[in-house]
Amino acid sequence: MLVDALHRAYIVSNHVAFYGVALRSLNEDTTKLYSRYGFKIAPKEKNHPLMVLPIWSIKDLFQIRN
């Protein structure tokens with residue numbers, strides 16, 4: 001589901017400008033999982049941290065390389 005959501009964000013980014021995808025991690029396990037996908041914890045976040053994946057990272061995942 002995460003990959004599908006990121007792909008949809010990539011499609012939208014071709015029509016609308018935005019910084020990236022943000023989410024709240026509910027526990028340590030999900031924080032580790034999202035970190036493996038490239039999400040970073042926003043500054044000064046502790047409990048249920050806000051995590052962000054910039055749009056350029058998402059575009060790198062889905063753009064066709066020549």
Side-chain angles (χ1 to χ4, degrees):
M1 287 191 338
L2 178 59
V3 173
D4 182 59
L6 295 177
H7 186 251
R8 290 170 185 260
Y10 167 73
I11 292 168
V12 171
S13 74
N14 292 316
H15 305 283
V16 178
F18 62 95
Y19 178 78
V21 173
L23 51 82
R24 288 265 176 210
S25 177
L26 299 179
N27 56 53
E28 268 187 54
D29 290 337
T30 57
T31 300
K32 289 177 187 175
L33 172 73
Y34 295 134
S35 293
R36 285 195 302 262
Y37 279 93
F39 284 82
K40 303 293 183 202
I41 297 175
K44 300 181 183 179
E45 291 284 330
K46 292 182 182 178
N47 295 332
H48 307 297
L50 177 67
M51 300 185 77
V52 180
L53 183 63
I55 191 60
W56 55 82
S57 295
I58 296 169
K59 288 186 176 210
D60 285 345
L61 288 172
F62 296 105
Q63 285 180 334
I64 297 173
R65 306 281 177 183
N66 290 329

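Remember, it's a predicted structure, so these values are computed and weren't measured experimentally. Side chains are part of it too, since the values below use all heavy atoms of this structure and drop only hydrogens, waters and symmetry mates.
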S.K.: So, using side chain to side chain contact (heavy atoms under 4.5 Å, CB included) as the criterion, who are the partners of D4 when residues are at least two apart?
M.R.: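 For D4 the side chain to side chain contact (heavy atoms under 4.5 Å, CB included) partners, ignoring immediate neighbours, are R8.
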
S.K.: From the options L6, L2, L23, select the one residue that forms a side chain to side chain contact (heavy atoms under 4.5 Å, CB included) with L53.
M.R.: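 It is L6; the other options fail the test.
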
S.K.: Just distance, no hydrogens or angles: give the donor-acceptor pairs under 3.5 Å from side chains in residues 12-20, sequence neighbours left out.
M.R.:
unit_1	atom_1	unit_2	atom_2	d
S13	OG	Y10	O	2.6
N14	ND2	Y10	O	3.3

S.K.: Under 4.5 Å between side-chain heavy atoms, counting indirect links through other Ile/Leu/Val/Met/Phe/Trp/Tyr residues: same cluster for V52 and L33 or not?
M.R.: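 Yes, because V52 and L33 connect within a single hydrophobic cluster, where side-chain heavy atoms sit under 4.5 Å apart.
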
S.K.: Looking only at non-hydrogen atoms, find the nearest pair between A9 and I55 and report the distance.
M.R.: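 That closest heavy-atom pairing would be O-CD1, 4.2 Å.
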
S.K.: Would you say L50 ends up clustered with Y37 if hydrophobic residues are merged whenever their side chains have heavy atoms under 4.5 Å apart, either directly or through other cluster members?
M.R.: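 Y37 clusters together with L50.
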
S.K.: With sequence neighbours left out, which residue pairs that include part of residues 12-28 fulfil the salt bridge (charged side-chain N to carboxylate O under 4.0 Å, His left out) condition?
M.R.: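 For residues 12-28, and leaving out neighbouring residues, the salt bridge (charged side-chain N to carboxylate O under 4.0 Å, His left out) pairs sorted by first residue read R24-E45.
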
S.K.: CD1 of I41 to OG of S35: how many Å apart, nearest 0.5 Å?
M.R.: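 Nearest 0.5 Å value for the CD1-OG distance: 5.5 Å.
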
